[in-house]
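Below is one structure, written out as structure tokens; comments come after it.
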Amino acid sequence: MTTGTVAAGPTASAPGPAGPVGPGGRPAAVALPPRAERAERAEQAADRLRTAAVDAVAVTWVDNAGIARVKAVPLGGLVHAAEWGIGAAPCFDVFLADDAITTSPIIGGPTGDLRLYPDVERAVPLAAQPGWAWAPGERHTQEGAPHPGCQRLFARRMEAAAAARGLSLKAGIEVEWVVALAGAPQDEPLYPTHGPAYGMHRLTDLSDYLRDVLRGLGEQGLTVLQIHPEYAPGQFEVSVAPEGPVGAADTSVLVRHTIRAVSSRHGLRASFAPVVEAGAVGNGGHLHLSLWRDGHNLGRGGPGPHGLTAEAEGFLAGVLGALPELLVLGCSSPAGYLRLVPSHWAGAYQCWGLENREAALRLVTGSTGERSSAANAEVKCFDPSANPYLAVGGVIAAGLAGLDQRLALPPEFTGDPAAAAPGTVPRLPQGPAEALAAYERSAVLREALGEPLYEAVLAVRRAEGEQYAAATPEQLVAATRWRF
Ligand code: GLU
Ligand code: MG
């Protein structure tokens with residue numbers, strides 16, 4: 001939860017979306033540090049993890065279908081993994097959520113290998129998986145060059161592109177999930193609580209479970225802002241403190257897997273699918289963002305609507321205008337379009353509004369007295385099937401493009417867009433094909449992602465769109481309910 005925006009308009013020397021370039025023509029932000037430095041950092045991390053009785057480290061990356069994939073090493077192998085990487089096939093870039101594999105013009109096929117490098121500084125013992133630690137990974141080639149399909153490196157490039165303009169961002173991804181009894185049949189979620197939406201009843205029924213979720217997140221160094229029952233049956237939400245965009249994406253992976261691990265210890269099963277029951281309110285993956293320069297929140301103190309600076313307004317206008325194509329990154333599964341419907345607080349309309357929960361872009365100014373730190377914008381239309389690195393990176397790319405072009409926001413929409421005269425407020429794409437058509441027109445995303453990643457995402461979305469083109473909502477929900 002935060003927000004922001006930014007700064008200087010276009011200049012002749014403004015860096016491109018990939019940010020500054022380092023030796024060898026590689027973007028400096030994503031080059032591997034020297035091997036000796038990696039080894040030293042890994043030794044320090046291993047010492048830290050050893051004192052926490054860690055036996056093994058799970059290193060994750062998130063594929064283009066939104067699934068976290070993993071390679072694990074024993075703790076004794078962490079330094080070697082940091083020096084040489086862990087083998088990981090490039091074909092993971094074209095995996096679908098059901099583990100089918102497609103292909104793309106640049107990445108795909110059974111040959112080749114990449115090296116997965118753990119971010120050892122982020123490595124943390126897992127509270128609900130004794131003996132295990134987790135670290136996010138990023139992928140480079142066997143020659144040590146950044147893998148152009150690596151989603152975390154993409155997010156880092158976008159963070160660096162903002163930094164090259166003197167800007168930083170704070171981000172937070174809210175995590176909503178539905179919890180069901182682990183032993184229930186796959187196609188019939190049975191809930192461990194039947195308390196009302198937002199009801200204390202639900203918290204009371206599951207107080208040990210929710211306490212263990214909170215404890216686990218806290219022991220892992222996360223600051224929880226709040227946890228509460230949500231609207232749909234068995235649904236809860238947790239939000240954590242904002243941090244840099246790549247850190248926020250990492251955190252969303254950690255939060256989700258902590259909830260999953262705690263759930264399993266309580267005989268429960270968590271679903272982060274966009275929709276768990278056809279027709280019901282779904283799980284959102286709302287992305288909060290604020291833009292900062294020199295310690296100032298650019299979402300405040302400016303002449304624009306609700307105090308936005310011109311830079312913040314340009315950034316948000318860029319994001320708002322690009323939402324149809326950003327859905328390809330923020331709403332991976334075709335099931336996401338079952339969630340993205342009016343009157344579900346999912347942000348199905350391409351408009352913005354102060355505290356408007358039906359607008360895809362909700363402006364949050366916070367309370368009087370805290371606005372300079374609290375003001376932020378929330379992208380509501382995203383769901384937890386997103387690869388969080390693609391989601392944050394894509395939003396930054398679109399925002400910086402809007403900022404560079406000094407775009408202005410259209411008029412604010414207040415009230416319920418569903419109650420407005422038809423055609424007054426545009427609906428966001430209502431299916432994957434519509435979002436993909438916008439993505440294929442997006443020069444900004446194509447340039448920011450780079451051709452290999454852009455094409456791999458396109459291939460995965462097309463394949464999943466075709467897989468479920470004839471599926472009923474019930475079939476699509478059943479196929480995706482336990483995949484995320
Ligand atoms: N569950 C809703 C969604 O699908 C969001 C509810 C809320 O505003 O927190 O995005
Ligand atoms: Mg919520």
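Read the numbers this way: they start at 1 and go in the same order the structure lists the ligands and their atoms. Excluded from the calculations below are hydrogen atoms, water molecules and symmetry mates; all remaining heavy atoms, backbone and side chain alike, are included.
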Item to check | Contacting atoms of ligand 1, where contact means under 4.0 angstrom from a heavy atom of V281 | outcome: 1 (N)
Checklist entry - For Y198, is at least one N or O under 3.5 Å away from an N or O on ligand 1? => result no
Checklist outcome for this item: In ligand 1, the atoms that come under 4.0 Å of a heavy atom of A346 are 10 (O)
Item to check | SB check E355 R362 (cutoff 4.0 Å) | outcome: yes
Next on the checklist: Donor-acceptor check, side chain of Y231 to backbone of A280, threshold 3.5 angstrom: yes or no?
Outcome noted: no
Checklist entry - Between R69 and F92, is NZ or CZ placed under 6.0 angstrom from the six-membered ring centre and within 45° of the ring axis? => result no
Checklist entry - Taking R339 for the side chain and P274 for the main chain, is one N or O donor matched with an acceptor at less than 3.5 Å? => result no
Checklist entry - Would you say H344 and ligand 1 have an N/O pair spaced under 3.5 Å apart? => result no
Checklist entry - Can you tell which part of D383 has a heavy atom less than 4.0 Å from ligand 1: side chain, backbone, both or neither? => result neither
Item to check | Atoms in ligand 1 flagged as close to G284, the criterion being non-hydrogen separation under 4.0 Å | outcome: 3 (C), 4 (O), 10 (O)
Checklist entry - With atoms numbered from 1 as shown, which atoms in ligand 1 lie under 4.0 angstrom from a non-hydrogen atom of E237? => result 9 (O)
Checklist entry - Does R461 pair with E466 as a salt bridge, N-O distance under 4.0 Å? => result no
Checklist entry - Taking just the N, O or S atoms of E237, which one is nearest to the Mg ion (ligand 2)? => result OE1
Item to check | Gap between atom CZ of R265 and atom CG of D212 - 0.5 Å precision | outcome: 9.0 Å
Next on the checklist: Distance under 4.0 Å to a non-hydrogen atom of H286: what atoms of ligand 1 satisfy this?
Outcome noted: 3 (C), 5 (C), 7 (C), 8 (O), 9 (O), 10 (O)
Checklist entry - Going by an N to O cut-off under 4.0 Å, is there a salt bridge joining R441 and E325? => result no
Checklist entry - Between Q235 and R202, does any side-chain donor sit less than 3.5 Å from a side-chain acceptor? => result no
Next on the checklist: So, of the N/O/S atoms that E176 has, which is the nearest one to the Mg ion (ligand 2)?
Outcome noted: OE2
Item to check | Polar contact flag, side-chain donor to acceptor under 3.5 angstrom, E412-H306 | outcome: yes
Item to check | Backbone or side-chain N/O/S of E174 under 2.8 Å of the Mg ion (ligand 2) | outcome: no
Checklist outcome for this item: atom 1 (N) of ligand 1: closest protein heavy atom, distance to 0.1 Å, is E176 OE1, 2.7 Å
Checklist entry - Which ligand 1 atoms does E230 reach within 4.0 Å, using its non-hydrogen atoms? => result 6 (C), 7 (C), 9 (O)
Next on the checklist: When you measure from the centre of the six-membered ring of W482, is the NZ or CZ of R269 closer than 6.0 Å and no more than 45° off the axis?
Outcome noted: yes
Checklist entry - What N, O or S atom of E230 is found closest to the Mg ion (ligand 2)? => result OE2
Checklist outcome for this item: The option among R339, K380, E378 carrying the non-hydrogen atom nearest to atom 4 (O) of ligand 1 is R339
